[in-house]
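Some notes on the structure that comes next.
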Amino acid sequence: MENKNTGSTKPTNFIREIIEEDLRTGKHTKIHTRFPPEPNGYLHIGHTKSICLNFGLAEDYNGLCNLRFDDTNPTKEEIEYVESIKEDIKWLGFDWGDREYYASDYFDQLYEYAIKLIKKGKAYVDSLSGEEIKEYRGAPTEAGKESSYRNRLIEENLDLFERMKAGEFKDGEYVLRAKIDMTSPNMNMRDPIIYRIRHESHHRTGDKWCIYPMYDWAHGQSDSIEGITHSLCTLEFENHRPLYDWFIEALDIYHPQQIEFARLNVSYTVMSKRKLLELVEEGYVNSWDDPRMPTISGLRRRGYTPESIRNFSEKSGIVKRNSVVDLALLEHSIREDLNKKAKRVLSVLNPLKVVIENYPDEKVEELEAINNPEDSSKGTRKLPFAKTIYIEKDDFREDPPKKFFRLAPGKEVRLRYAYIIKCEEVIKDPKTGEVIELRCSYDPETKSGTGSSNKKVKGTIHWVSAEHAIDAEVRLYDRLFTVEDPLGEKDKDFKDFINPDSLEIIKHSKLEPSLSNAEKGERFQFERLGYFCLDSVDASRDRLVFNRIVRLRDSWSKIEKEQQGQK
RNA sequence: UGUCCCGUGGUGUAAUUGGCAACACGUCGCACUCUGGAUGCGAAGAGUCCAGGUUCGAACCCUGGCGGGACAACCA
């Protein structure tokens, strides 16, 4: 279903309906959203949903989207994360203009709001210990009880709160709490803490403050200060909405609307910051931007395009129901994008030497190859062809199974852009029996593009000229986990399901010579193999390192798997 | 034993707000192909968690169940 009001081709969803209703009724004339990350870790694919939603909505409805760092907890947050988050959002293609905000920008205002709340008799300073507060809070099914300090005089509260701010007390000695209802069935309403003492310097405000606001106190009021119309967050904040509304109403300030949606989950991976950290710290992956990581920086290094990630996010939809999107959809998104864009090249990952016996010894032909069959404007390039070439080990079988259309003893196959060759002889290592070389003949009449032969063969394989090929390291990445839901089994640790084959390194692959000019981050389709990207970290002028982004769809592997299953 | 939210093919979403359950991914065929890619065509697969009710008519409204999720950090 297309969105008729905006001319957008994006699918509609319940949030767009709310926005369109608000625009139609005149509740708002312009929408204003925000993306509010906490700078305590790297962004991952799950965050892209919120980023695309908030920035995308603003784009589509001609509104604005702020970037606001939710930096209310100095013990966990660091400037390093602020920088990486900004880089990732920019890379995804979104722009917050000059509206880069921080909850800490509002600490003064938030403090004033707290005083206002105290004066209204709706907040009090509590002297209970952390343990006691927890005890008094009760449980979801049993009411809590009121603190003995709950009915302090307003003046006393004001005095104590000011002294909290002045640094007269130790961490944990006092807290400021809202006075709501200790018997509320909603735990969030049981006199939530709104300020705590933390003698800790903050990455932006330095040592100005030793009291810091809690999320609930900071978030809604920050939304209000910025004039946010639709404050979109994930489902776990549903139970916080009554509190969000209570604060805003108690303060009698502009009231943004909080709307919750389900967060994005993807099969065969984990998304929590803590678990990702575990993978990094315990060495299961090499870094936060390891190409196997679901972090934005990992996906970027792997070779994913921003467009593919945005399309993926679009396709996975916005609803209020928890779900797990198939990794196959992400893979489809990147294939779809790169099929249109990526230059085709011939690369042999696991080389098998082939000598074409009836081809002249010294002869080298320059064959014309198409750069992108989906886009003729990308032109053609020259490919050197000579007597000795490499083909993929997988493309030869001494004892070919049914439906194997590639090379085998006595069989013919087409070399892409070159000739049809026939396998005349198989040379093996006398000790191991391993096939180390093939002797073939070629048919000069079958040169590509000449049409001088009517010979047809079922298979076409890729190859490189042995003397012209360049060496490269190729890193074959695969899904990080072997099961759809690594967190699914309670008795097992998610790390037990790590795919031991998530990375296979091939040190000496043979690539066509044009690849020596590849730039860091440049993406290619290695024909018949997959999409690859020159690694932006480990590659250098004299060392090529390619990452496999994703395999091509491969109907042969399915046939083969099925055949093996039958045996 | 509370409050809030949510149940539609294998997966993710849609259904003009009460009118023959649609699309995408995946799967399986066929065609085409100098990439077993791409592309084109086609198929299978849900009767909408269950049971009642309202209605000419219910995925949608009502009632009651069942199932899943969230909530007891001085985290966000």
Side-chain angles (χ1 to χ4, degrees), chain A residues 1 4 11-13 17 36-38 40 70-73 75-77 126 129-130 133-135 137-144 171-177 184-190 192-198 211-212 214-216 218-219 233-242 260 262 264 267 273 315-333 335-336 339-340 344 346 370 373-374 403-406 413-418 420 446 448-449 456-462 484 525-530 551-560:
Chain A
M1 156 60 72
K4 295 183 185 78
T12 189
N13 59 55
E17 279 171 18
E38 182 189 12
N40 71 342
D70 224 325
D71 56 349
T72 55
N73 186 355
T75 60
K76 293 168 116 187
E77 296 150 4
D126 200 351
S129 70
I133 288 177
K134 187 173 179 176
E135 228 179 275
R137 189 153 33 224
T141 54
E142 76 189 58
D171 286 9
E173 217 173 326
Y174 291 97
V175 289
L176 183 69
R177 305 179 70 175
S184 171
N186 182 341
M187 298 291 292
N188 295 120
M189 301 300 272
R190 320 245 263 227
I193 292 169
I194 61 188
Y195 267 98
R196 75 285 215 188
I197 300 172
R198 279 259 198 288
I211 55 170
Y212 291 95
M214 298 288 289
Y215 164 86
D216 287 301
H219 201 92
C233 62
T234 46
L235 253 27
E236 65 267 32
F237 293 104
E238 254 170 346
N239 292 337
H240 292 242
R241 183 162 17 100
E260 312 84 15
L264 172 67
S267 59
K273 285 178 188 169
K315 282 174 193 155
S316 46
I318 303 292
V319 289
K320 295 188 72 149
R321 145 197 6 144
N322 296 309
S323 60
V324 182
V325 179
D326 198 333
L327 215 215
L329 189 63
L330 215 210
E331 296 184 337
H332 169 260
S333 301
R335 286 194 194 103
E336 183 184 44
N339 177 49
K340 294 179 300 193
R344 271 56 169 178
L346 302 189
I370 295 165
E374 308 292 320
K403 293 185 184 173
F404 185 80
F405 302 146
R406 286 110 95 143
V413 77
R414 161 138 245 137
L415 294 177
R416 171 133 247 225
Y417 299 124
I420 291 176
T446 59
S448 286
K456 288 262 183 197
V457 286
K458 195 86 170 152
T460 297
I461 62 173
H462 60 277
E484 286 187 31
Q525 185 195 97
F526 289 6
E527 290 206 26
R528 303 210 307 134
L529 297 173
R551 292 172 221 253
L552 247 34
R553 291 188 68 215
D554 181 2
S555 43
W556 162 246
S557 74
K558 284 175 195 162
I559 295 169
E560 193 180 29

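The figures here come from the full heavy-atom set of this structure, side chains too, leaving out hydrogens, waters and symmetry mates. Chain A is the first sequence line, chain B the second, and so forth, proteins listed ahead of strands; every chain is numbered from 1.
- Taking the syn range as angles within 90° of 0, the glycosidic angle of B:U39 is outside it, so the base is anti.
- A syn orientation is assigned to B:A73, its glycosidic angle lying within 90° of 0.
- At the heavy-atom level, A:Ile420 lies nowhere under 4.0 Å from the strands shown.
- Remark: A:Arg177 is not in phosphate contact with B:C74, judged by side-chain N or O atoms under 4.0 Å from OP1 or OP2.
- At a threshold of 4.0 angstrom between heavy atoms, the contacts of A:Leu329 are confined to the sugar-phosphate backbone, with no base atom among them.
- Taking only side-chain atoms of A:Glu17, from C-beta outward, the nucleotide of B:A24, B:U35, B:U17 with the closest atom is B:U17.
- Among the heavy atoms of the strands lying under 4.0 Å from A:Ile559 is at least one base atom, whether or not backbone atoms are also near.
- Each of A:Asn322 and A:Leu415 was matched to the nucleotide of RNA chain B holding its nearest heavy atom; the match closer to the 5' end belongs to A:Leu415.
- Proximity note for A:Thr460 (side chain, C-beta onward) versus B:A73, B:U35, B:C5: the nearest is B:U35.
- Between A:Tyr212 and A:Arg198, the shortest heavy-atom contact is CE1-O, 3.3 Å.
- Here the nucleotide nearest the side chain of A:Glu38, chosen from B:G37, B:C75, B:C74, is B:C75.
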With pairs defined as Watson-Crick or G-U wobble and both distances under 3.5 angstrom, please note down RNA chain B as a dot-bracket string, | for pairing with another strand.
.((((((..((((.....[..)))).(((((.......))))).....(((((..]....))))))))))).....
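- Residue A:Arg414 has no polar side-chain atom (N or O) positioned under 4.0 Å from OP1 or OP2 of B:U33.
- Within 4.0 Å of A:Arg406, counting heavy atoms only, lies at least one base atom of the nucleic acid.
- Residue contacts shown for A:Pro37 are absent, as no nucleic acid heavy atom lies under 4.0 Å away.
- A donor-acceptor pair under 3.5 Å is formed between the side chain of A:Arg190 and the backbone N or O of A:Ala139.
- In this structure, A:Phe404 reaches the bases: a heavy-atom distance under 4.0 Å links it to at least one base atom across the strands shown.
- Out of B:C75, B:G36, B:G2, the shortest distance to the side chain of A:Phe405 is found at B:G36.
- Base orientation of B:G47: syn (glycosidic angle within 90° of 0).
- The side chain of A:Arg335 places no N or O atom within less than 4.0 Å of a non-bridging phosphate oxygen (OP1 or OP2) of B:A38.
- In this structure, A:His240 and A:His219 have side chains that are not in contact, with every pair of non-hydrogen atoms separated by 4.5 Å or more.
- The residue A:Asn239 sits close to a base: some heavy atom pair falls under 4.0 Å.
- Here A:Val457 lies out of heavy-atom contact (under 4.0 Å) with every strand.
- Look at A:His462 and you won't find any side-chain N or O under 4.0 angstrom from OP1 or OP2 of B:U35.
- No engagement by A:Gly530 is indicated, since no non-hydrogen atom pair under 4.0 Å with the nucleic acid exists.
- One finds no side-chain N or O of A:Thr72 lying less than 4.0 angstrom from the OP1 or OP2 phosphate oxygen of B:C75.
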Short heteroatom pairs, N/O only, protein and nucleotides 28-30 of chain B, under 3.5 Å:
none

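- The base of B:A70 lies outside donor-acceptor range of the side chain of A:His240, with no N or O pair under 3.5 Å.
- Taking only side-chain nitrogens and oxygens, A:Ser323 comes nearer than 4.0 Å to OP1 or OP2 of B:U13.
- For the pair A:Asn73 and A:Arg196, the minimum side-chain heavy-atom distance is below 4.5 Å.
- Distances shorter than 4.0 Å separate some side-chain N or O of A:Arg196 from OP1 or OP2 on B:C75.
- When atom types are taken as modelled, the side chain of A:Thr446 and the backbone of A:Ile420 share a donor-acceptor pair closer than 3.5 angstrom.
- Contact record, A:Leu327 with A:Ser267: N-OG, 2.9 Å, taken as the closest heavy-atom pair.
- Across all strands, A:Arg190 comes closer than 4.0 Å to no nucleic acid atom at all (heavy-atom distances).
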